[in-house]
Peer 1: 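One structure, as structure tokens, below. Some questions next.
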Amino acid sequence: MEEALPHRAAELLGDARRVVVLTGAGISAESGVPTFRDDLTGLWARFDARELATAAAFHADPDLVWGWYEWRRTRVRRAEPNPGHLAIAAIEARIPGTTVITQNVDDLHERAGSPAPIHLHGSLFAPRCVAAAAHPATIDDADDADADAPDGEPAQPHDGRRIAPPRCTSCGALVRPGVVWFGEMLPEAAFTAAVEAAAACDLLLAVGTSGVVYPAAEIPRIAARSGAAVIQVNPEPTPLDRVCAVNLRGTAAHVLPSLVAAAWAADPAPRS
Ligand code: APR
């Protein structure tokens, strides 16, 4: 079933007690963070993001891949959460049984007020040592390529640059971005928590995800199989359309605030 207006979606959200919000790159697009399917620019223009985000690429050319992640980290630091992120934080404040699960490696949910989003694909802000995958890397502050130069010039040129990755100060091995690359396992605790939340929710909102990268793409399908209603917010059709009760074809920053407003229009008091 597909509806242009969020009436049914507002009803579902207004009645929900356990909500899961699964987000993808689309929710951060309106904050200026490019999605993985956008063409890369500058130094990265001749690369495909899906080729740079691999262990093989890092081993073959660590400076190129570390430079790309530093460039992405700089862009995220300069970005701000948009009304879509804020609407999700408002849902959490309103419905205590809400779990936010994100495939994004930025921190825009946290900065919008979501207390503890589950990061299925890791974080740009938690680099780790290649030698001991589980232990966070200790890096000297001097290695923070994002720090602006003393004269106020940004350290990262607009087009990006190659940067040698730092070495772990405890063991000397290379430091790698703390993200999940293509072909790697998801962090087990995060994925287990996500599956449990999806299986137990009565409503799942899939926002700005293409629904093609597994196992994250399994999350809305688990919710649907467990009897939850799935609402999708995406300007484009995706393979998730088939499992959705309602497809809201629009952007997250536009659709989510109006969905939240419509859900509680008749009952503005938070649920106790
Ligand atoms: N609002 C909502 N959705 C949007 C918006 C927007 N403003 N702009 C784009 N989209 C949608 C696109 O139509 C697309 O379906 O967001 C989706 C982005 O898809 P992907 O770039 O594939 O992002 P995602 O689903 O998060 O990818 C999953 O794969 O690329 C890897 O590890 C990376 O975490 C990522 C994972």
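All ligand and atom numbering here is 1-based and tracks the order in the structure.
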Peer 1: What residue and heavy atom of the protein are closest to atom 10 (N) of ligand 1, and at what distance?
Peer 2: Gly26 CA, 3.5 Å
Peer 1: In terms of residue, atom name and distance, what is the protein heavy atom nearest to atom 34 (O) of ligand 1?
Peer 2: His121 ND1, 2.8 Å
Peer 1: For atom 29 (O) of ligand 1, what is the closest protein heavy atom, and at what distance to 0.1 Å?
Peer 2: Val213 CG2, 3.2 Å
Peer 1: Which residue, Asn247, Val246, Asp241, forms the side-chain contact (heavy atoms from CB on, under 4.5 Å) with Cys244?
Peer 2: Asn247
Peer 1: Is there at least one pair of N or O atoms, one from Thr238 and one from ligand 1, spaced under 3.5 Å apart?
Peer 2: no
Peer 1: For atom 1 (N) of ligand 1, what's the nearest protein heavy atom and its distance?
Peer 2: Ala252 N, 2.9 Å
Peer 1: Looking at atom 27 (O) of ligand 1, what's its closest protein heavy atom, distance included?
Peer 2: Arg37 NH1, 3.8 Å
Peer 1: In the protein, what heavy atom is nearest to atom 31 (C) of ligand 1, and what distance, to one decimal place, separates them?
Peer 2: Phe182 CZ, 3.5 Å
Peer 1: At under 4.0 Å between heavy atoms, is it the side chain or the backbone of Thr251 that contacts ligand 1, or both, or neither?
Peer 2: both
Peer 1: Taking 4.0 angstrom as the limit and counting only heavy atoms of Glu30, give me the atoms of ligand 1 inside it, by number and element.
Peer 2: 1 (N), 6 (C), 7 (N)
Peer 1: Only heavy atoms of Gly24, strictly under 4.0 Å: list the atoms of ligand 1 that pass.
Peer 2: 26 (O)
Peer 1: Per the side-chain contact (heavy atoms from CB on, under 4.5 Å) rule, which among Leu205, Leu240, Leu204 passes with Val230?
Peer 2: Leu204
Peer 1: With heavy atoms only and a cut-off of under 4.0 Å, state how Gln103 meets ligand 1: side chain, backbone, both or neither.
Peer 2: both
Peer 1: For Glu110 and His119, does a side-chain donor sit closer than 3.5 Å to a side-chain acceptor?
Peer 2: yes
Peer 1: Does the side chain of Asn82 come under 3.5 Å of the side chain of Glu30 through a donor N or O and an acceptor N or O?
Peer 2: no
Peer 1: What is the distance from atom CG of Asn234 to atom OG1 of Thr251, rounded to the nearest 0.5 Å?
Peer 2: 10.0 Å
Peer 1: Could you state the interatomic distance from CG (Asp107) to OG (Ser114), rounded to the nearest 0.5 Å?
Peer 2: 11.5 Å
Peer 1: For Arg225, check salt bridge (Lys or Arg N to Asp or Glu O under 4.0 Å) against everything at least two apart and list the hits.
Peer 2: Glu218
Peer 1: May I ask you to check if ligand 1 and Val180 share an N or O to N or O distance below 3.5 Å?
Peer 2: no
Peer 1: Are Arg75 and Glu80 within salt-bridge range, i.e. N to O under 4.0 Å?
Peer 2: no
Peer 1: Who's closest to atom 8 (N) of ligand 1 heavy-atom-wise, of Ala29, Pro237, Ala25, Gly208?
Peer 2: Ala29
Peer 1: Are any of the N/O atoms on Glu236, whether in the backbone or the side chain, positioned under 3.5 angstrom from an N/O atom of ligand 1?
Peer 2: no
Peer 1: Go through the side-chain N and O atoms of Thr238 and Ser210 and say whether any donor and acceptor fall under 3.5 Å apart.
Peer 2: no
Peer 1: Determine, using heavy atoms of Ile27 and all atoms of ligand 1, whether some pair is separated by less than 4.0 Å.
Peer 2: no
Peer 1: Checking a contact table here: which protein heavy atom is nearest atom 15 (O) of ligand 1, and how many Å away?
Peer 2: Asn234 ND2, 2.9 Å
Peer 1: Stepwise, does the side chain to side chain contact (heavy atoms under 4.5 Å, CB included) test hold for Ile163 with Trp68?
Peer 2: CA-CA 8 Å; Ile163 302 171; Trp68 183 54; over 6 Å; no
